[in-house]
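Chain letters run A, B, ... following the sequence lines, proteins first, then strands; residues in each count from 1. Since this is a predicted model, take the numbers as computed values, not measurements.
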Amino acid sequence: MTLDEFLAAVASLESTSRAHVDAAGTPAALEAARTALLGRKSGRLTELMRALPGLPADARRDAGAAVNRLKTAIEAALDDRRAALAAPAPAAPPLDRTMPPRHRGRGAKHPVTLVVEEIVEIFRELSFTVATGPEAEHDWYNFGALNFPPEHPAMDLHDTLYLAKGALLRTHTSPVQVRTLQSYPPPIRILAPGNAFRRDFFDASHAPVFMQIEGMAVDEGVSFVDLKATLTHFATRFFGTTETRFRPSYFPFTEPSAEMDVRCTICGGSGCAACKGTGWMEILGSGMIHPAVLESAGVDSETYTGWAFGMGPGRIADLRYGIPDIRFLYDSDVRFLEQFAT
Amino acid sequence: MNASHAWLESLLTVPLSAERMRELITAHCCTVDEMVRLRDDLTGIVIGRVVEAARHPDSDHLWVTKVDAGRDALLDVVCGAPNVKAGGVYPFAPVGTTLPGGLVLERRKIRGAVSNGMLCSARELALGDNHEGILELDTSAPPGTPLLDAIPLGDTRLVIDVTPNRPDLLSHAGLARELAAAVGAQMRLPPVPGALPATRAPAARAGSEIQVGGVRVRLEDADGCPRYMGAVMRDIAVGPSPAWLAERIVAVGGRSINNVVDATNYVLHELGQPVHAFDVAELGGREIVVRRARAGEQIVTLDGVSRTLDANTTVIADHDRAQAVAGVMGGAESEVTAQTTAIFIEVAHFDPVRVRRARRALNLSTDASYRFERHVDIELPPRALARVIEIVAAVAAGRVDGAPGDLYPSPHVPRTVSLRPARVAAVLGDAVPQNEIAGLLTPLGFEVEARPGTLEVTVPSWRPDVVREVDLVEEVARRRGYDTFSSELRPFRPGTVPESSLEIVSRRVRDALVARGLLEARPLPFVKGADIGFVRVANPLSENEAHLRRDLLDTLARRAEYNLARMQRDVRLFEIGAVFLPSADTLPLEELRAALIVMGHRRPPHWTETRPPDFDEWDAKGLAEEIASAAYPSAQIALGPEGEGDWLWSIVVDGARRGGVRRVTLDAPVWAAPAFGVEVTLLTVPSGFVAQPGAARYEARPAAATQHHVQYRALPDTPAAEFDLALVVPNDMPAARVEEVIRAASGDLLEHVTLFDEYRGEAVPNGFRSLAWRLTFRHPERTLRDKEVAGRREKLLRTLEGELGVRQRTS
């Protein structure tokens, strides 16, 4: 190889090396380019340097200078490129933090479920557990065991949907009282939420199926004072009111029977349309369990006494959430249900 | 029950306001639904005080007055009454008031003088006939006070929700008895205006037959009618009622008919005893027979309707035919009319159940049937009959012909109930001293005799509800007032009843579904089903919904359609509820299930994703798996392909089918997304008899639900090795089959297998797809060497080819 040939090779490499280096888009590609150019084994510059000793002696000096210049240039190009690759990407546009977040579809419990859960929570603190029973019920559990006199006007309050002889859709959750009393020995403290059925046509405040929640406590020495105390505690917690009122009522399965009112949550007692001007709102029916009911379930009514209550979480949901028409609870409109997402 | 405040007050020895009566009745008896002021038409009238009165310049009888009506300024009012004078107080109707006749007052000029309202006469306010001058008021109420607040004007009606156990409260006398007891006053019947000195003929009593004033009365159906009294009155002058009588009838919501009918209705409302008057001239054979109806017997009742009776109905007949349906309604034939001169007055006690059946059979409820069904005091008829006779004699002349008759074969024997003060304390929680108990019961007509440790209480005949000790305990509690009992929380023992498994599982599944973004629905369980395969409601609300659902998805689908009809494309609803399956037992088989339906956007649109993907089969499959594992936490859950058409997968839990996943076909608009449904059975609801009536069976108590606890698995402390396998699989070979072979051939060290890609197209032959799995291996104690992993991969590929003929994708 002559000096001219060598210098031509150097020039050729010099003309392509810069492009070769600058084409590397990643540190790995840059490393590959370095290897290709300066690699110890087969780098193109290395090969030129290996050719130096084969040159005529008088040419070596110029050739060496040329190849060293090229080496410096390549190394500089590599450094530049390395620096360019290491430099941060051109600044991203600033985040517009006013833009809306990403959401998932939110789930929700039914408002009636929310009310039931809240009621159950409060009673759990007083050692109550949840009991259940079937919705299709025997006549006896629904009426006979609960001291409903046959052919009595009390039956008129329970317009019943019948299934077959002796079978009906329970008109209240009170059958769970008897089923529970037959299954477990006192002391008993239970709540029984569930659907009840009446032959009522839909209107703003009536539905043929509605949620009811029953509560019952049976033990030796359980009294009307315990009933008042427990239900007042509940009302205080649930409604945030301390004012309750108990007044006589009638249910065949309790005696004495009592209706519990709380101070009207809308007007605070001054009288409004919601409380029919009385300043009180009817919240639940209750009473001391009639001895005949205990006897139906094989419980000694002389030794044991008990109290029970029942209320309608649907009505309470309407009150609590300001729902004007009970039918919203059944329509299942997603726009309605989504309002209860938590 | 409508009660008149004025009427109640007339029965009491002390005055009581309507508001106070409402409080007392509410606190001691039952709910007062409403108080209606019967003179609401006077609402706009206020107290006006005439400050100046001057003669009208252009009139010799008009006055120009300045009236203080409680406003900022005095009002100019022109008045024509001769008795107007400065300083006088009168009812004043300001401009805008509607007078009782319907006239709306306007501002007007009378002979040039402006009048801003009207000072009213009694007649203008419908308070009497006087129109000689304006009504002079004697009140210290300030001007502007509503007239109704200032002066007791007009009656107030109390609408009382009398509970079915208290028939004794269905009369003014009964309510007055409670009110009197509550305030320590007495109840007594007021004298009848115009009554003659009582000339009571004592009734003649017999068992089954008696002559009463020329009418032969025979009692054949003593079961239906345990007591029948009657009297004949002659020389009656039927005509309009006097004002006092008509007012009472109107005050309780009735309509004045004539003096005789009003007198009978008066006694019904005063004493609670329904009374019927027959025209004696219309009684065939001058005979009254109380008997069962003949099957198919016809009667035209007072309302003009012809009715067919059955043999379970008691009738009051003459010699030939039924003249009244006992306890329900009289007949048209023997109705008292303007021509009537002689009446037979019936005062009876009819059997409650008989009356109830007749009322239901005839679908005819009356004031009489309402009371008889609830029990009318069997000892009341003599007093009630005397009262009717007294009133009829006073308002319609007439004289009693002969002695009243009283057919009463088995006289009432008063019931005695023991009451232990100790039991009162046990049930009510606060002790009530024995003498206080007696003091509470006596004013209500109970007779109390003290014995050691107990009180022997004789129950008055008007209290059929008091039959056992606890009934008296209630009397003590409500007479004393429920609010007098303490409400301190006392110690209690925890209960023995474990949380219901149905409740536990419902809660778990509900939480899982809500966490996954679903909305809980509570639809009605009624569907239009078929008589085979569905449980039918015997008396449904509508034939379109005469069956109970056997699938939750059935009712949820209707709710999805409801939302589509309201332009809601994104629906994600779930329900936890009961379904009912036909069964050979009395009750249907009831199952608690959870179901969901999803359609439309999987998540809300966002600016990074304008059109989020719609829910698809795989969402449904995932939700199905997740609900099933929430419902059956420790079980093996498998979703296998099942069925055709809309059915996609069955949900198999520990080998048993527990539900499925399906496409749901809806009545949907074109823009609706496809809908997918999942339904899982959670538990069977036990509904058999727990024990015989009257017995318990504690040994049969359901066991508490077994708790599932997660078991910790050690976290790895060695690195995993993973590789991907892209396999070319025939379209008809299930991926699950390939995965099964992969698992079997990979050995113990395989940690996960994840199918992460499906590809069809270039380089994959027709009829095949490329499926890619990522396999993760880990040795619990050491790092796997590359060679070991490569070896497994080779072996796996050989097995796949050998067993399934499946090869690796090469390009």
Side-chain angles (χ1 to χ4, degrees), chain A residues 99 102-110 112-113 127 129-132 134-136 140 151 153-154 161-163 166-167 179-180 182-185 187-190 201 208-209 219 223-226 228-229 232-233 246-248 250 255-256 258 288 291 296-298 305 330-334 337, chain B residues 26-27 163-165 353 356 373-374 427-430 470 474 477-478 482 485-490 493-497 499-500 502-503 514 517-524 537-539 541 559 563 568 571 573 578 580 586-588 590 603-604 606 685 687 690-691 693-696 698 701:
Chain A
M99 290 175 80
R102 182 179 293 126
H103 285 298
R104 293 166 300 121
R106 290 196 300 169
K109 290 174 185 170
H110 192 276
V112 169
T113 305
S127 167
T129 52
V130 172
T132 48
E135 293 178 4
W140 185 76
E151 295 282 348
L161 289 162
Y162 289 95
L163 297 179
R179 289 183 171 275
T180 305
Q182 282 190 316
S183 306
Y184 301 92
I188 284 182
R189 294 170 80 79
I190 58 142
F201 289 92
V209 183
D219 198 359
S223 73
F224 188 64
V225 166
D226 298 312
K228 283 189 67 183
T232 300
H233 172 82
F246 289 82
R247 55 193 174 75
Y250 167 70
E255 180 138 31
M288 297 302 294
S296 295
T305 45
Y330 300 85
D331 287 343
S332 317
D333 189 313
V334 294
L337 296 173
Chain B
T26 303
T163 50
N165 60 324
V353 173
R356 180 178 164 80
E373 261 188 65
R374 283 160 177 73
V427 173
L428 299 182
D430 282 344
V470 72
E474 178 174 71
R478 68 174 189 83
Y482 287 0
F485 292 88
S486 152
S487 24
E488 59 170 355
L489 207 46
R490 294 175 180 171
R493 300 196 289 175
T496 60
V497 186
E499 187 82 354
S500 153
L502 292 156
E503 171 66 13
V514 170
L518 277 88
L519 303 167
E520 185 181 18
R522 288 182 171 275
L524 297 185
V537 177
N539 53 341
L541 284 152
R559 294 298 96 205
N563 279 287
Q568 300 302 303
V571 175
L573 295 174
F580 305 87
T586 310
L587 295 185
E590 189 170 327
R603 50 187 172 261
H606 184 247
V685 181
S687 61
V690 177
Y698 303 143
R701 77 183 86 158

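- Among all heavy-atom pairs drawn from A:F224 and B:L428, the shortest one is CB-O, 3.5 Å.
- Residues A:H110 and B:E520 approach most closely at N-OE1, 2.9 Å, considering heavy atoms.
- Of the inter-residue distances, the one linking A:K228 atom NZ with B:Y482 atom OH reads 10.5 Å to the nearest 0.5 angstrom.
- How far CZ of B:R493 is from CD1 of A:I188: 11.0 Å, rounded to the nearest 0.5 Å.
- To the nearest 0.5 Å, atom CG of residue B:L519 and atom OG of residue A:S332 are 9.5 Å apart.
- Taking B:G495, B:A578, B:S487 one by one and counting their heavy-atom pairs under 4.5 Å with chain A, the maximum is reached by B:S487.
- For the pair A:V225 and B:E488, the tightest heavy-atom approach, listed with the atom from each and the gap, is CG1-O, 3.8 Å.
- The part of A:D219 that comes within reach of chain B is its side chain, from C-beta onward, which places non-hydrogen atoms under 4.5 angstrom from that chain.
- Interface summary for chain A: among B:G429, B:A27, B:P588, B:G694, the most heavy-atom pairs under 4.5 angstrom belong to B:G694.
- Side-chain contact between A:S183 and B:V497 is absent, with no heavy atoms from C-beta onward closer than 4.5 Å.
- Contacts of B:A477 with chain A are made by side-chain atoms alone, with heavy-atom separations under 4.5 Å and no backbone atom involved.
- Chain A forms more heavy-atom pairs under 4.5 Å with one residue of B:R559, B:E373, B:E503, B:R603 than with any other, namely B:R559.
- Contacts between B:V685 and chain A at a heavy-atom distance below 4.5 Å involve the side chain alone, from C-beta outward.
- Comparing B:A521, B:P494, B:P693 by how many heavy-atom pairs each has under 4.5 Å with chain A, the most go to B:P693.
- Residue contact with chain A, scored on non-hydrogen atoms closer than 4.5 Å, involves the backbone and the side chain of B:F485 alike.
- Contact annotation for A:A297: only backbone heavy atoms (N, CA, C, O) come within less than 4.5 Å of a heavy atom of chain B.
- The two residues A:Y162 and B:N539 come nearest to each other via the heavy atoms N-OD1, 2.9 Å.
- For chain A, the nearby part of B:R356 is the side chain; its heavy atoms alone come within less than 4.5 Å.
- Chain B forms more heavy-atom pairs under 4.5 Å with one residue of A:A258, A:A229, A:P185, A:A131 than with any other, namely A:P185.
- Here A:G105 is the residue among A:A167, A:G105, A:P208 with the most heavy-atom pairs under 4.5 Å with chain B.
- Among A:R102, A:R104, A:M99, the residue with the largest count of heavy-atom pairs under 4.5 Å with chain B is A:R102.
- Remark: side-chain polar atoms of B:T496 are not paired, donor with acceptor, to backbone N or O of A:Y184 under 3.5 angstrom.
- The greatest number of non-hydrogen atom pairs below 4.5 Å with chain A, out of B:V353, B:L502, B:V470, is found for B:V470.
- Contacts of B:D430 with chain A are made by both backbone and side-chain atoms, with heavy-atom separations under 4.5 Å.
- Highest contact tally toward chain B, considering only A:V130, A:L337, A:T180, is held by A:V130 [criterion: heavy-atom pairs under 4.5 Å].
- Heavy-atom distances place the side chain of B:E590, and not its backbone, under 4.5 Å from chain A.
- Nearest heavy atoms, B:L587 versus A:A136: CD1-O, 3.4 Å.
- Contacts between A:T305 and chain B at a heavy-atom distance below 4.5 Å involve the side chain alone, from C-beta outward.
- Of the listed residues (A:V209, A:V112, A:L163), the greatest number of heavy-atom pairs within a distance under 4.5 Å of chain B belongs to A:L163.
- When each of B:Q568, B:R522, B:R478 is checked for heavy-atom pairs under 4.5 Å with chain A, B:R522 comes out on top.
- Here the shortest heavy-atom pairing between B:L524 and A:Y330 reads CD2-CD2, 3.5 Å.
- Ranking A:H103, A:M288, A:R179 against chain B, the residue ahead of the rest is A:R179, based on heavy-atom pairs under 4.5 Å.
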